[in-house]
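Structure first, then comments.
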2 protein chains.
Amino acid sequence: MYYHVRMDPQILDRRLEVFRSRCAERGLSLTHQRWVIYRFLAQTVQHPSPEVTFEQVRKDIPSISLATIYKNIKTFMEVGLLHQVSTPDHTMRLDANLEPHSHLICKRCGAIVDVPEESVAPLQLKHPLPAGFRVENYKVSILGVCGQCSPPIIASN
Amino acid sequence: MYYHVRMDPQILDRRLEVFRSRCAERGLSLTHQRWVIYRFLAQTVQHPSPEVTFEQVRKDIPSISLATIYKNIKTFMEVGLLHQVSTPDHTMRLDANLEPHSHLICKRCGAIVDVPEESVAPLQLKHPLPAGFRVENYKVSILGVCGQCSPPIIASN
DNA sequence: GTATATGCAAAACCTTTGCTATAGT
DNA sequence: ACTATAGCAAAGGTTTTGCATATAC
């Protein structure tokens with residue numbers, strides 16, 4: 001199957017492994033806060049906002065501050081442990097899926113679903129790009145309305 | 001040629017024509033402020049931010065307020081006269097190009113260049129999307145570093 | 001023991017809102 | 001004349017910063 005609704009425990013383990021080693025490589029302390037924040041981000045398929053992350057992490061660490069959440073999000077992004085999804089409403093949504101992939105975005109509820117790289121044919125450019133532009137990667141966002149937001153009409157009255 | 005560095009006057013005229021008629025259709029007053037704001041957005045290929053728009057429009061209308069810029073940006077987007085580019089740094093960048101197109105985005109300086117629809121082969125999905133998802137459109141952002149930001153090395157010492 | 005990270009509070013942004021005066025039709 | 005919009009100022013929301021204390025290594 002292609003669309004993960006729950007996180008595969010093996011994928012989670014691998015992500016946490018990468019997290020530990022990347023922190024070690026980059027000299028980042030493995031604080032309890034960092035661990036809980038990253039574990040939360042790594043175990044979800046929902047692309048949470050900083051605020052949602054704060055609320056969830058707070059269940060484990062009631063004293064945590066929103067500033068710590070933001071500082072660590074920034075740190076994680078700097079060392080490539082976390083990405084940010086560009087949303088049509090330009091809110092910050094976080095993505096701990098480090099594999100190349102695209103996104104399916106519901107315009108109504110804002111839900112974001114990962115689309116694995118192998119589900120989308122590689123981008124083909126039919127004309128050369130402007131001189132000197134060095135392509136690093138590309139992002140495809142598929143916009144529409146999800147099944148939850150426009151359910152099939154069974155019976156209307 | 002494919003990449004517009006300057007605005008084609010014919011394209012500008014067409015955009016302003018569409019602006020006039022769309023405003024009429026939707027019962028929007030053609031205020032001086034609206035005209036100057038839209039004319040600025042329509043004549044550029046640079047995808048300005050609200051702040052940049054404000055600074056430029058202020059040259060013509062020194063008394064204009066930033067709130068007016070924001071209110072009109074919102075109005076123009078509601079009636080489909082303006083779009084918003086999703087940027088990696090999630091700043092608001094405006095786009096008066098109403099033709100379907102993709103974007104080339106420089107990660108370093110934030111420059112955004114339109115890539116015409118015909119330069120990018122249509123998106124092909126190799127697997128079905130999650131049940132019930134209704135696709136409306138999709139956006140391709142090509143990320144990298146522009147020629148200005150990483151100029152070719154002529155001679156190094 | 002030393003460097004780094006946390007928590008708090010305040011500041012800095014960016015965007016929206018409410019209200020009165022003004023301008024468009 | 002009537003309605004919609006502009007301008008102003010204030011509020012709202014989000015993200016960042018500075019600094020003292022606490023924690024990791």
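Convention: sequence-line order gives letters A, B, ...; per-chain numbering from 1.
Residue Ile69(A) contributes atom CD1, which lies 15 Å from atom P of dA5(C) at whole-angstrom precision. Rounding to whole angstrom units, CD1 of residue Ile73(B) and P of dT17(C) are separated by 14 Å.
Heavy-atom contacts from other residues, nucleotides or ligands closer than 6.0 Å to CD of Gln124(B) number 12 or fewer. The 12-atom threshold is not exceeded at CD of Gln10(B), counting heavy atoms of other residues, nucleotides or ligands nearer than 6.0 Å. More than 12 heavy atoms of other residues, nucleotides or ligands sit less than 6.0 Å from atom CD of Gln56(A). Other residues, nucleotides and ligands place no more than 12 heavy atoms under 6.0 Å from the CD atom of Gln46(A).
Phe40(A) has its side chain within reach of Pro48(A): a pair of non-hydrogen atoms, C-beta onward, lies under 4.5 Å apart. Taking the side chain as every heavy atom from C-beta outward, His90(B) and Met92(A) approach each other to under 4.5 Å.
Between Arg20(A) and Glu17(A) there is no salt bridge, since no side-chain nitrogen of the basic residue lies less than 4.0 Å from a carboxylate oxygen of the acidic one.
Along DNA chain D, read 5' to 3', the first and last nucleotides having any atom under 4.0 Å from a heavy atom of chain A are dT14(D) to dC25(D).
The aromatic rings of Tyr38(A) and Phe19(A) lie parallel to each other, their planes meeting at an angle below 30°, with 60° marking the opposite boundary.
A distance of 5.5 Å separates CG in Leu66(A) from CD in Glu51(A), rounded to the nearest 0.5 Å.
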Below 3.5 Å between N/O atoms, which protein atoms pair up with nucleotides 21-25 of chain C? Just atom names and distances, please.
from	atom 1	to	atom 2	distance (Å)
dT25(C)	OP1	Leu30(B)	N	2.9

Protein-nucleic acid N or O pairs under 3.5 Å, nucleotides 11-15 of chain C:
from	atom 1	to	atom 2	distance (Å)
dT15(C)	OP2	Tyr70(B)	OH	2.1
dT15(C)	O5'	Tyr70(B)	OH	3.3

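Residues His47(A) and Asp114(A) have side chains that bring a donor and an acceptor to within less than 3.5 angstrom of each other.
DNA chain D is contacted by both Ser63(B) and Ala67(A); Ser63(B) maps to the nucleotide lying nearer its 5′ end (nearest heavy atom per residue).
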